[in-house]
Amino acid sequence: MAEARGSHVGTELSAYLDGQLSSPQRAKVEAHLAACGECRGELASLRHTVGLLRQLPPALPRRSFALPAEAAPPLPRWLLLLTPGRLRLATGMAGLLLVAVIVADLFRLFPVAPAPAPPTAPPALSAPGPALPAGPVRTAADAARPEGTAAPKSAPTAPEAAISGARAEPAATASPSAVAPAPQILREEGAPGVAYRWPVRQLELALFVAMLSVVALLLFVTWRRVRAG
Amino acid sequence: MSPEDLENALTDRARGGDVAAFNELVERYQGPAYNLALRMLGSAPAAEDATQEAFLAAFRNLRSLRGANFRSWLLRIVANACHDQLRSARRRPADSLERALSANPSAAPPDGAAGPPESAERQELARALEAGLATLPPDQRLAVILSDVQGYDYEEIARITRSALGTVKSRLNRGRRRLRDYLRTQQELLPARFRLPTEEGK
């Protein structure tokens with residue numbers, strides 16, 4: 001007689017065979033089996049298949065797999081923990097963070113410190129500042145961003161992202177001065193003309209250095225692993 | 001000292017770079033390791049490569065063992081080596097065909113104890129099972145081999161494959177059913193006494 005598909009216990013039969021079901025589950029399966037010929041047949045064929053597999057004789061290896069006396073020794077734990085994958089991830093994250101900070105710097109998203117009273121001396125903006133068009137700055141930042149996001153996939157582009165990030169930095173510091181309305185000679189962190197409450201420039205530098213360090217570590221670890229065979 | 005303590009002493013010495021100590025472990029576990037590779041890959045040369053690779057990798061990575069069960073840890077490395085072999089075989093199909101043809105693992109009976117008719121039947125069975133195992137996706141194949149060919153329980157299989165018990169259960173179930181379905185299509189090739197029971201209730 002046809003039973004609803006959902007009530008068959010096909011998926012539980014292997015576990016039932018292996019004694020992996022709890023008592024209530026086992027009771028449920030047995031109750032179903034008593035009533036369902038299809039599942040009984042399924043169980044029998046599974047049991048038979050497992051029985052055949054169990055009869056496969058163990059094969060004797062034709063040779064010994066003992067290592068030669070000069071086998072490369074166990075790697076130190078720190079080298080095992082610093083897998084290239086994890087280091088690439090760290091590089092990518094540092095790169096992304098660096099790009100995020102630079103972009104935030106460009107758009108002056110960081111909290112600005114209140115400006116002190118400006119001196120009466122005439123504005124002495126850095127000459128390249130206003131002359132610098134906004135175009136190259138954005139393209140440099142744009143170039144840094146995709147390279148930064150691609151960093152987790154291929155570490156070699158990370159140094160380029162760092163370098164273009166560094167190039168975008170001085171450009172970024174120059175451009176806001178072109179748009180700053182009031183001439184303020186402030187040598188605080190961040191762009192001349194804008195003072196940040198946080199040490200943004202130091203942060204950018206620290207992230208850049210961190211990224212370079214992780215890349216150097218990645219290269220070193222890769223070299224050690226290749227040397228160890 | 002219990003066998004476990006003896007083994008821990010060996011792994012401790014091996015971890016310090018003692019190759020001889022490690023080779024004692026190799027001798028102890030090369031049977032199960034080779035068998036796993038052989039059933040996974042279906043060819044003796046490929047299985048030998050994978051097993052050797054696995055033992056080299058195990059020695060290199062000994063410091064990641066950290067008190068876990070040595071056999072489970074080692075078999076995991078063997079399974080990974082098999083996956084690597086399968087991946088590279090997919091990229092070089094001509095090479096792997098040559099290997100498969102060069103050595104049939106069930107050609108020579110493991111021991112000469114069985115009489116001729118029975119050993120011929122057993123060889124047929126082994127060939128059919130190997131062909132069936134080869135039709136399974138690697139995850140299911142691994143679960144079926146570990147459970148039904150090598151006899152490990154669900155917990156150990158979960159440790160070796162680093163998956164949950166539920167995953168082991170489902171892979172095992174699907175693998176067994178697939179193998180059974182394959183064997184049903186090959187009934188004529190199986191010796192009579194090994195053939196599957198006919199389906200009931202249909």
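Fair warning: this is a prediction, and the values are worked out from it, not measured in the lab. Within every chain, numbering begins at 1; the chains are lettered A, B, ... in the order of the sequence lines, protein sequences first and strands thereafter. Just so you know, these numbers use all the heavy atoms, side chains as well, and skip hydrogens, waters and symmetry mates.
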Task: Flag side-chain contact, heavy atom, 4.5 Å: B:Leu183 against A:His48 - done: no
Open item on the list: So which atom in B:Gln30 and which in A:Phe65 form the shortest heavy-atom distance, rounded to 0.1 Å?
Closed with: OE1-N, 2.8 Å
Open item on the list: If I measure from the heavy atoms of chain A, does B:Gln52 come under 4.5 Å with its side chain, its backbone, both, or neither?
Closed with: both
Task: Part of B:Leu125 within contact of chain A (heavy atom distance under 4.5 Å) - done: side chain
TODO: Using non-hydrogen atoms and a 4.5 Å limit, figure out which bit of A:Gln55 sits close to chain B: side chain, backbone, both or neither.
DONE: both
TODO: Look at A:Ala66, A:Pro68, A:Pro73, A:Pro76 and state which one has the largest set of heavy-atom pairs under 4.5 Å with chain B.
DONE: A:Ala66
Task: Between A:Leu52, A:Leu75, A:Leu67, A:Leu13, the one whose heavy-atom pairs under 4.5 Å with chain B are most numerous - done: A:Leu67
Open item on the list: Heavy-atom pairs under 4.5 Å with chain B: which of A:Leu46, A:Leu79, A:Leu81 has the most?
Closed with: A:Leu46
TODO: Tabulate, in ascending numerical order, the residues of residues 169-178 of chain B having at least one heavy atom closer than 4.5 Å to a heavy atom of chain A, or enter 'none'.
DONE: B:Lys169, B:Leu172, B:Asn173, B:Arg176, B:Arg177
Task: Residue, of A:Arg63, A:Glu12, A:Arg54, that accumulates the most heavy atom pairs under 4.5 Å with chain B - done: A:Arg63
TODO: Calculate, to the nearest 0.5 Å, the distance between atoms CZ and OG belonging to B:Phe55 and A:Ser64 respectively.
DONE: 9.0 Å
Open item on the list: To check you understand the geometry: which heavy-atom pair defines the closest contact between A:Pro74 and B:Arg15, and what is its length?
Closed with: CG-O, 3.6 Å
TODO: Look up atom CG in A:Leu56 and atom CG in B:Leu133, then write down how far apart they are to the nearest 0.5 Å.
DONE: 7.0 Å
Task: Atom group of B:Glu53 that falls short of 4.5 Å from chain A, counting heavy atoms - done: neither
